[in-house]
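As the structure is a prediction and not an experimental result, all values here were calculated from the model. These numbers come from the heavy atoms of this one structure, side chains and all, not from hydrogens, waters or symmetry mates. Per chain, numbering begins at 1; letters A, B, ... match sequence-line order.
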Amino acid sequence: MGSHGIRDRVAIVAMGCTRFGERWDQGTDELLIDATGEALAGAGLGADDVDAYWLGTAQSGMSGMVLARPLGLEGKPVTRVENMCATGSEALRQAAYAVASGAYDVGMAVGVEKVKDSGYQGLNAFPVPTDGTNRTLTAAAMFSMVAPAYAERYGVDPQELRRAMARVASKNHHNGARNPKAQFRREVSVEQICAMSPVAGELSVLDCAGVADGAAAAIVVRAEDAGRYTDRPLLVKALSCVAGNGSGSTDPSYDYTTFPEVVRCAEDAYRQAGVTDPRAQLAMAEVHDCFTPTELVLMEDLGFCERGTAWKAILDGVFDLDGELPVNPDGGLKSFGHPVGASGLRMVYEAWLQLRGDVPDDRRITTLGADRNLALTHNLGGYPGEMVSFVSILGTHPS
Amino acid sequence: VTPRQIRSYAGCVPAAGILTYGAYLPFHRLDRSAIAAVAGTGGGTGTRTVASYDEDTTTMAVEAARGVPASRPRDLGSLWFATTTPAYADKTNATAVHAALGLDTAVPAFDANGAVRSAMGALRAGLDSSASGPALVVAADLRTGLPGSADESAGGDGAAALLVGHGDGDGAGRVPLLAELLAWGSATAEFLDRWRIPGEQRSRLWEERFGEGRYLDAGQRAWDAALATAGLAPTGVDHVVVVGSHARAATALARKLDLADRLHPAVGRLAADVGFTGAAHPALALAGALDEAAPGQVVALVVLADGADVVLWQATDALAAHQRRLPADPVTADAGSSVDRVPTDSPAPPLTAEAGWPPPPAAAAAERTSGSPAGAGLPPAAAAPSRAAGQPRRGLTLADQIAAGGPVTYGRYLAWRGILPVEPPRRPEPARPSASAAGRSTGWKFGFVGSESQDGVVHLPPSPLDPHDRSMADATGTIATFTIDRMAYSPSPPVVFAVVDFDGGGRLPVELTDVDPAGVKIGDRVEMTFRKLFTADGIHNYFWKARPIRGRPATSVGSA
């Protein structure tokens, strides 16, 4: 028994990503056609050249036919995968492992969500019949419970913590403002965010991810075949997934200042990739900033900061675009938007652009170097105490 | 001839009466003076109680029954539930109370619904059937009327519970009677004083002089009949509690029978601060009188509803002990609540009922030494400022509950009753709960029974892997973290939500109720209360919420 990873055995050779946002002009079919079309064009392939597909969608459709129908696929294996908000990452993980196994030569991971047709603000989960005892709060409210717990545990002044959370949103808006595919392209100051009225706990709408439609896609092949499709492939260094058992909502020892699933997941990914000092070794990270306190805690859970210090590092600009370790240079869920099934692949898309240098100067990270060329993506689904976590590490050079 | 002599003549029949009693008043109070400013008429002085948006007659009945010490004796014979405002028609509501109390399936539960007088019918049925075991008689009501009406301002919401049966005179070693039944006189009369088509929000009334005359006649007849049965002279009655929706008739009857100087002040306090609670009012007013009656005193309960019922009770020596215990004295810890679980298809699960109060000394000692992991490890209830699972709640006196409470605005009151529909949150309404899923989890959903692993870890909701049940309804807890959700669907936003860690183990993220959102803090102490989360497709979704611990001193005053 053991988790061994597939370091350097699989490469991403092309990607696509639609503009995220309130896409009243496009349905699920059009979003899928656009994202897969960009990826196929990048690799110089047709849809029929891909041997197997994995479609991630949380609730925009059932089964692989959601993809097979608009693409007109003939006789292809298409699997629909779902792992809450980590769905897109899960599609990539399945496609990469299938290619690594030798079962297929070319695989495609696709993520899509069409959330804005519901008629409601925010995200709404499919109702599963239950006994009615599970109170469903908004995700914002669930994550907002981190803030008072964090302030209490580390003795952080609530106003200071409020500013640190606002700083997360302000940073991500700054980055997203420079990204043509982002949902929100407007800078917002810390002061503006702090002045907003709360909607859940201390969180205002500006502490919440954008609710967006969108799709993203990645084509994966065995690393030795990558040269056929691109001269600048992205090597998969690590793929890790941990599904929590929900114990945080039943175990009084869980204190809402950390996401233990993420800690375990990151440890596994770092081991697979051989990363020992993530803050120094990673050139960038895309993390699941569904709400501002989430990004705060992730900076500690991913090993970028000591416990109880992330709020300070955030205020010090450590994770700014020009900081020591840029986090969410594309704007993150906050500013780029969060089409559930697509977000995990959107994160990889930013790593793809940044590590290959395919971004304009005003959004380019400055940390890349000969011995610093790894990117981390972190994607989660669920709530504090009960979540699934995904971490990938990607790089441009074989280890 | 004294009442005791009468009974001794009867000889073979052991005394029946009240074993314990309790009351529940909802937290919110409507200042009656706020009514006229909006409705243009109506209102008055004082306050009325207002059931919260998440309460109905069933949930209030559960709370009243839970507040009664030893309301679940092992030999409980029957459960009766009376209300004018049942949550369901065509389906029994007492079964939800039965499930919330964790009663054995063999205990029958019946509704007696529709009229104020149904409460007296339920009490009578409970007393008449108590040869087969004590009867828990619960009444709850939610009184509505059109804005500006007398029913609106004079009405109130609340519940009360009486455990009736035979005392220790029958040799069963049970708790003693607190009040013995001396006599019951009835007069039944068909006439229209007030009436309501089922489903309507208000009752209609005939002009009151007509009803007054009929009630004076019926009241006199029932009074005479009760005194004759008891062999009592009118002067043998120490306290009189006159209850009825026809306030003028109640006053006139007391005058006619020359009882004005013996009217118990509890009745006036209820009228001033609570309102007339319909089917709950007879037991509520009686509870108020019994809280203060002295041993040997005779209390007459006079109920004017579609005729009259006059019930004479005599307080026993045990009542004094009960009164002393009520506000301050500790309740003896009950048997550990952790019991071996049985397959859900078992036809007769073992009783999870609490022991009678107080438990016989030998039994209590045995339970402490050989009891379950939960019971054995509990600190003595007397010293503990908290209740872990299995420690019964202490009933608050009626006066305590009247004194507690927080204000509700008239607008919010109207919205809660559906009289003033307000814009709902722009979120999908919750789906109806699944009947079959709920049917598999009645212990959890209605009884708040979790589970406990072999090594003592409590799981909420219960884990199918655990060997033991763990009753958590009476456990208290502490807020670990919390939030206010202004976006989630709620019948009355915002949702106040907290992660609660229970004393003695167990955690549940759960909604708070009867709480001021601005006042919630980490470390706040809470207890559990049975509520209705929402109604979808006509299904009332009952479950539990947490609220600031009620009691003396009041720790939190909500604003709504």
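Residue with the most contacts toward chain A among B:Pro509, B:Ala431, B:Gly523: B:Pro509 (heavy-atom pairs, distance under 4.5 Å). Comparing B:Leu508, B:Val499, B:Val510, B:Val458 by heavy-atom pairs within less than 4.5 Å of chain A, the highest count is held by B:Val499. Between chain B and the residues A:Ser118, A:Ser247, A:Pro148, A:Ala147, the largest count of heavy-atom pairs under 4.5 Å involves A:Pro148. Listed options A:Met142, A:Glu152, A:Glu202 were ranked by heavy-atom pairs under 4.5 angstrom with chain B; first place goes to A:Glu152. The choice from A:Ala149, A:Gly385, A:Ser249 that makes the most heavy-atom pairs within less than 4.5 Å of chain B is A:Ser249.
Checking side-chain atoms of B:Glu452 against main-chain N and O of B:Asp466 turns up no donor-acceptor pair under 3.5 Å. In this structure a side-chain-to-backbone donor-acceptor pair under 3.5 Å is missing from B:Thr483 to B:Asp485. With hydrogens and angles disregarded, a donor-acceptor distance shorter than 3.5 Å links the side chain of A:Thr57 to the backbone of A:Ser60. Side-chain atoms of A:Asp289 come within 3.5 Å of backbone atoms of A:Lys334 as a donor-acceptor pair (strictly under, hydrogens ignored). Judged by distance alone, with hydrogens and angles left aside, the side-chain atoms of A:Glu295 form no donor-acceptor pair with the main-chain N or O of A:Thr292 at under 3.5 Å. Side-chain N or O atoms of B:Glu55 include none that pairs as donor or acceptor with a backbone N or O of B:Met60 at under 3.5 Å. Here the side chain of B:Ser490 pairs no donor or acceptor atom with the backbone of B:Pro494 at under 3.5 angstrom. Using a distance-only test at 3.5 Å, with no hydrogens or angles considered, a donor-acceptor pair links the side chain of A:Ser144 to the main chain of A:Ala141.
In this structure, chain B has heavy atoms under 4.5 Å from both the backbone and the side chain of A:Thr250. Of the atoms belonging to B:Tyr489, it is backbone heavy atoms, and not side-chain ones, that fall under 4.5 Å from chain A. Interface remark: B:Thr442 contributes no atoms to any contact with chain A (heavy atom separation under 4.5 Å). Interface residue B:Leu460: only backbone heavy atoms are found under 4.5 Å from chain A.
No side-chain donor-acceptor contact under 3.5 Å links B:Thr59 and B:Arg531.
Within residues 533-545 of chain B, the residues having any heavy atom under 4.5 Å from a heavy atom of chain A are, by residue number, B:Leu533, B:Asn541, B:Phe543.
When every heavy atom of A:Val199 is checked against every heavy atom of A:Ser204, the shortest pair comes out as CG2-C, 3.9 Å.
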